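Below: one structure, written as structure tokens.
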Amino acid sequence: MKLLHKDIEKDNAGQVTLVPEEAEDMWHTYNLLQVGDSLRASTIRKVQTESTTGSVGSSRVRTTLTLCVETIDFDSQACQLRVKGTNIEENQVAHVEKAADVLAIDTLLISDKLFRHQDIQTRNRYVRLVDNVRDNGGNVRIFSSLHVSGEQLTQLSGVAAILRFPIADLSEPEDESSSDDD
């Protein structure tokens, strides 16, 4: 396991950033986690959409969840760690905005709840995002937060995108010190 960051206080409070490199590393993580801890991890979620004609489609969205750990289970046969918990932190949607900046968005999926946000700057941010996608030839699908599909999208930050082309994993910071020569 690779330790990227460690900040532990004298009362054992703090945080660590770990990258598992082998299956056995999940066992070590299992022994470190406790109920009540916060765990942040990247995951892929399935978002189902329903058109006006009633047809149902789905797309996969990468998101980062921060959970308050409720239960921890380790499967020793498969070396898999299962953590159950409640999402305690709103995702910051930056991935979709970065994809819009490089004109990669084919279809923007957005919850109407974001247009009713209490903070006017947040509302304007999403209006600009929608305008940017439309101006660059993308489609925009606004989901009602009163519908099941809108509820699911709201639980995943309220905004997602189907891309025209793959882009580098936006959850990892880019290494600006390296250069590629073709």
Side-chain angles (χ1 to χ4, degrees), residues 1-49 56-100 102 104-105 107-111 113-114 117 122 143 145 147-163 165-178 180:
M1 180 160 341
K2 184 185 281 187
L3 176 66
L4 297 180
H5 174 77
K6 180 174 86 170
D7 183 21
I8 304 293
E9 304 292 327
K10 289 186 178 188
D11 62 352
N12 290 332
Q15 64 181 10
V16 294
T17 304
L18 304 170
V19 177
E21 295 176 323
E22 299 175 13
E24 187 177 293
D25 291 341
M26 289 295 109
W27 182 81
H28 294 292
T29 306
Y30 169 71
N31 287 307
L32 289 172
L33 278 176
Q34 295 179 352
V35 172
D37 285 350
S38 297
L39 174 69
R40 180 176 295 134
S42 178
T43 184
I44 297 177
R45 293 287 185 236
K46 183 176 172 183
V47 177
Q48 292 186 334
T49 58
V56 177
S58 65
S59 60
R60 297 172 75 74
V61 178
R62 178 176 291 277
T63 187
T64 301
L65 298 177
T66 304
L67 301 177
C68 179
V69 176
E70 294 173 359
T71 63
I72 310 162
D73 182 40
F74 181 71
D75 181 352
S76 59
Q77 298 298 319
C79 287
Q80 290 183 343
L81 180 65
R82 292 184 188 90
V83 178
K84 179 181 175 186
T86 306
N87 193 11
I88 58 172
E89 187 175 294
E90 183 177 324
N91 291 323
Q92 300 300 317
V93 153
H95 295 143
V96 174
E97 289 172 320
K98 287 178 184 176
V102 296
I105 296 179
T107 304
L108 178 70
L109 312 172
I110 190 164
S111 171
K113 202 170 197 175
L114 295 175
H117 198 278
T122 301
F143 291 81
S145 57
H147 191 269
V148 174
S149 60
E151 288 177 5
Q152 288 179 342
L153 185 59
T154 299
Q155 291 174 0
L156 291 173
S157 76
V159 65
I162 300 172
L163 303 180
F165 52 86
I167 52 179
D169 186 8
L170 296 172
S171 62
E172 298 176 5
E174 292 183 19
D175 184 13
E176 296 177 10
S177 63
S178 66
D180 294 330

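Everything quoted here is computed from the prediction, not taken from an experiment.
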Q: Might you work through the side chain to side chain contact (heavy atoms under 4.5 Å, CB included) test for Thr71 and Val35, ending with a clear yes or no?
A: CA-CA 6 Å; Thr71 63; Val35 172; 6.0 Å; no
Q) Do Gln34 and Val69 pass the side chain to side chain contact (heavy atoms under 4.5 Å, CB included) test, and can you show the C-alpha distance, the side-chain angles, and the key distance before you say yes or no? A) CA-CA 7 Å; Gln34 295 179 352; Val69 176; over 6 Å; no
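Summarising the geometry of Leu153 relative to Ser111, their closest heavy-atom pair is CD2-N, 3.7 Å, with the distance given to 0.1 Å. Across every non-hydrogen atom of Ser149 and Phe143, the tightest pair is OG-CD2, 3.4 Å. Between Leu67 and Gly85, the shortest heavy-atom contact is CD2-O, 3.8 Å. Across Leu108 and Ala160, no two heavy atoms sit closer than the pair CD1-O, 3.5 Å. Here the closest non-hydrogen pair linking Lys113 and Ser145 is CB-CB, 4.2 Å. Minimum interatomic distance between Val16 and Ile8 (heavy atoms only, all atoms of both residues): CG1-CD1, 3.9 Å.
Taking Thr107 as the reference, nothing meets the side-chain hydrogen bond (donor to acceptor under 3.5 Å, both in side chains) condition, with sequence neighbours excluded. For Asp11, the side-chain contact (heavy atoms from CB on, under 4.5 Å) partners two or more places apart in sequence, or in a different chain, are Glu9, Ala13. Take Leu32 and apply the side-chain contact (heavy atoms from CB on, under 4.5 Å) test, not counting sequence neighbours, and it matches Leu18. Ala78 is linked by a side-chain contact (heavy atoms from CB on, under 4.5 Å) to Asp75, Gln80, counting only residues two or more places apart in sequence or in another chain. Take Asp73 and apply the salt bridge (Lys or Arg N to Asp or Glu O under 4.0 Å) test, not counting sequence neighbours, and it matches Arg82. For Glu151, there are no side-chain hydrogen bond (donor to acceptor under 3.5 Å, both in side chains) partners, not counting sequence neighbours.
Atom CE in Met1 sits 4.0 Å away from atom CG in Asp25 (nearest 0.5 Å). In this structure, the separation between CH2 on Trp27 and OG on Ser76 is 11.5 Å, given to the nearest 0.5 Å.
In the displayed structure, Glu24 atom CD is contacted under 6.0 Å by at most 12 heavy atoms of other residues, nucleotides or ligands.
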